[in-house]
Amino acid sequence: MRKGLRLALATATGAAVLAAGAAITTVTPAYAAAAVADIKIDTTVSFIPPTGSDSIPFVVKVNDPYVGSKAPDIKAEFWKEGEATTSAGHAASVTALSDLANTTPAPTPASSVDVKGSIPVSSSDKPTTATGKWTLKVTVDPEGSAGPVSRTETFEVKAATRVTSANVDPDPVYLKSGKEVDVYAAFHLEKFGDEKITDVRLESKDSDDYYSLTTGLEADDSYHDSTSMDYSTSTGSWQLRISISRATKKYSFTKAFEVRKSGSSKAKSKITLYASPSKVKKGKATKLYGKVYRGSKAWSKKILKLYFKKKGTKKWKFVGYVGATSTGKYTKSVKPKYDGYWRTTAAATSLTYGSLSNIKFVDVK
């Protein structure tokens, strides 16, 4: 083989022929450096949630992502309205690219790849009105000596949807036998996007009873509608519920009120009390527990008072407070020193009568 032909062959195959009859060494092909070609932020949902936390999704297009045989490291960080981008940013999440297999020869890389990510946002974030400017920075650091590359994108984050001035009139609603009572609902919707009212209703919190209202707003984004309640309406705790959609998100806003029947403006309450064990050694604990009711339902989060009366005496002594759970249940561990009696009490409110529990005797040996 002539020298000129031998060099041409080496160029075409990416191999160097060292000498006639020598071994051929394969050289790993060089790849172009990675580049962040584009960042697309879903601005249809780039707004503050009314409550709790949420996220704003984005997609990053990375050209020539693989240098060598491994996926690059990808990091995303962001700065909120008013924060300097020269300082450290907040971490955003990104979907990591899987490592390519270390094969020989190295696999051919994709020309571009889309990487998904999300920016966390909470109800405590700005803006409180109109819109605010946030900044997202994505950095791709490929394998090899090419070094990291970054791209920055500024985008608007709009204020949260808000419902203000929600009101139900009258409150409480007093039902009258043989008559209907008109009930009026009103509120104002503060819109910062394409908010739409999907449902408005007055609903019982203790039963399946509800009244549907219209969903239309006035020209100034205020709302007014009414319905009539008859004597068969469920009494107890009710709420005005306003359901709103904004892009792909759905929110509900509520305003509580009461429905009662004339002549029975207050609900009755009841407390049960148990002791386990009812016989204990001195210095050992017994558990006092039970449940508190408002009407036929649990009295959620009610604070009760615990009392003790030593055997052979006439005076009850206040021991302390015990709180009920959302289901009305309560429990308290005590270490009685003497034989005696225990009971709990629930104080009255403007809507509910107070009550005393049954008395439990604990024998201390």
Side-chain angles (χ1 to χ4, degrees), residues 39-60 74-85 87-95 114-138 152-168 185-203 205 210 212-213 215-218 220-223 237-257 300-301 326:
I39 300 175
K40 291 184 178 179
I41 299 169
D42 190 350
T43 55
T44 63
V45 293
S46 60
F47 50 79
I48 307 297
T51 59
S53 59
D54 209 333
S55 62
I56 301 171
F58 63 87
V59 177
V60 180
I74 301 178
K75 185 179 78 170
E77 56 185 335
F78 67 98
W79 292 265
K80 302 175 185 180
E81 177 186 7
E83 295 178 341
T85 55
S87 62
H90 309 278
S93 64
V94 290
T95 303
D114 288 340
V115 179
K116 295 181 179 180
S118 62
I119 302 164
V121 61
S122 73
S123 57
S124 61
D125 289 324
K126 295 180 180 180
T128 55
T129 59
T131 59
K133 295 288 187 180
W134 288 28
T135 302
L136 174 67
K137 180 181 179 181
V138 179
T152 301
E153 193 79 19
T154 300
F155 61 101
E156 285 189 344
V157 177
K158 297 181 180 179
T161 301
R162 289 200 297 261
V163 169
T164 59
S165 305
N167 182 57
V168 176
F187 61 87
H188 185 266
L189 175 62
E190 295 189 23
K191 299 175 67 176
F192 295 102
D194 63 342
E195 291 93 337
K196 296 178 179 63
I197 297 177
T198 58
D199 186 63
V200 181
R201 61 177 60 191
L202 303 175
E203 60 183 18
K205 296 169 69 174
Y210 72 92
S212 291
L213 303 178
T215 57
L217 289 172
E218 304 292 340
D220 62 352
D221 291 332
S222 64
Y223 178 92
S237 298
W238 280 62
Q239 64 186 8
L240 164 64
R241 177 180 291 275
I242 305 136
S243 299
I244 296 172
S245 67
R246 183 176 180 181
T248 58
K249 308 293 183 180
K250 300 182 186 299
Y251 302 109
S252 288
F253 301 84
T254 60
K255 171 68 175 180
F257 68 100
S300 175
K301 307 290 186 179
S326 59

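Position 1 is the first residue of the sequence, and the numbers go up from there. We use all heavy atoms of the structure for the numbers below, so side chains are in, but hydrogens, waters and symmetry mates are not. Owing to the predicted nature of the structure, the values given are computational and were not obtained by experimental measurement.
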Visitor: Any side-chain donor-acceptor pair under 3.5 Å between S300 and S326?
Guide: no
Visitor: Would you indicate whether the side-chain heavy atoms of Q239 and E203 approach each other to under 4.5 Å?
Guide: yes
Visitor: List for me each residue that meets ring-ring contact (aromatic ring centres under 6.0 Å, His included) alongside F155, sequence neighbours excluded, and say none if there are none.
Guide: none
Visitor: Measure the shortest side-chain to side-chain distance between I74 and V60 over non-hydrogen atoms and say whether it is less than 4.5 angstrom.
Guide: no
Visitor: CD1/I244 to NZ/K196 distance, rounded to the nearest 0.5 angstrom?
Guide: 12.0 Å
Visitor: Rounded to the nearest 0.5 Å, what separates atom OG in S93 from atom NZ in K75?
Guide: 14.5 Å
Visitor: Partners of S53 by side-chain contact (heavy atoms from CB on, under 4.5 Å), sequence neighbours excluded?
Guide: S122
Visitor: Determine yes or no for a side-chain-to-main-chain donor-acceptor pair under 3.5 angstrom, with T198 supplying the side chain and S243 the backbone.
Guide: yes
Visitor: Output side-chain donor-acceptor pairs under 3.5 Å for residues 42-51, partner residues at least two apart or in another chain, one line each.
Guide:
from: D42; atom 1: OD1; to: T44; atom 2: N; distance (Å): 3.2
from: D42; atom 1: OD1; to: T44; atom 2: OG1; distance (Å): 2.5
from: S46; atom 1: OG; to: T43; atom 2: O; distance (Å): 3.0
from: S46; atom 1: OG; to: E156; atom 2: O; distance (Å): 3.0

Visitor: Begin from the C-alpha positions of L189 and F253 and carry the test side-chain contact (heavy atoms from CB on, under 4.5 Å) through to its verdict.
Guide: CA-CA 10 Å; L189 175 62; F253 301 84; 5.7 Å; no
Visitor: Please say whether more than 12 non-hydrogen atoms of neighbouring residues, nucleotides or ligands are located less than 6.0 Å from NZ in K249.
Guide: yes
Visitor: Supply the atom-to-atom distance I197 CD1 to D221 CG, rounded to the nearest 0.5 angstrom.
Guide: 8.5 Å
Visitor: Within this structure, what is the CG-CG distance for the pair D125 and D54, rounded to the nearest 0.5 Å?
Guide: 11.0 Å
Visitor: Between K116 and D114, does any NZ, NE, NH1 or NH2 come within less than 4.0 Å of an OD or OE carboxylate oxygen?
Guide: no
Visitor: Got T254 and I242 here, is their nearest side-chain heavy-atom distance under 4.5 Å?
Guide: no
Visitor: Would the distance check show the side chain of R246 and the main-chain N or O of F192 forming a donor-acceptor pair, the cut-off being under 3.5 Å?
Guide: yes
Visitor: Provide the closest heavy-atom pair for W134 versus P120 in the form atom of the first, atom of the second, distance.
Guide: CZ3-O, 4.3 Å
Visitor: Which heavy atom of V200 sits nearest a heavy atom of Y223, and at what distance?
Guide: CG1-OH, 3.7 Å
Visitor: Taking NZ, NE, NH1 and NH2 as the nitrogens, is one of them in D199 or R241 under 4.0 Å from a carboxylate oxygen of the other?
Guide: no
Visitor: How long is the span from the CG atom in N167 to the NZ atom in K255, to the nearest 0.5 Å?
Guide: 6.5 Å
Visitor: Return the CZ to NE2 distance between R162 and H188, rounded to the nearest 0.5 Å.
Guide: 10.5 Å
Visitor: Under 4.5 Å between any side-chain heavy atoms of Y210 and L202, yes or no?
Guide: no
Visitor: Taking the side chain as everything from C-beta on, heavy atoms only, tell me whether W79 gets closer than 4.5 Å to L136.
Guide: no
Visitor: For a 4.5 angstrom cut-off between non-hydrogen side-chain atoms, does I56 reach V157?
Guide: yes
Visitor: Given 3.5 Å as the limit, does a donor-acceptor pair link the side chain of E83 with the main chain of E81, or not?
Guide: no
Visitor: Which heavy atom of D194 sits nearest to which heavy atom of A247, and what is that distance?
Guide: OD1-N, 3.4 Å
Visitor: Taking the six-membered ring for Trp, are H90 and F78 parallel (under 30°), tilted (30 to 60°) or perpendicular (over 60°)?
Guide: tilted
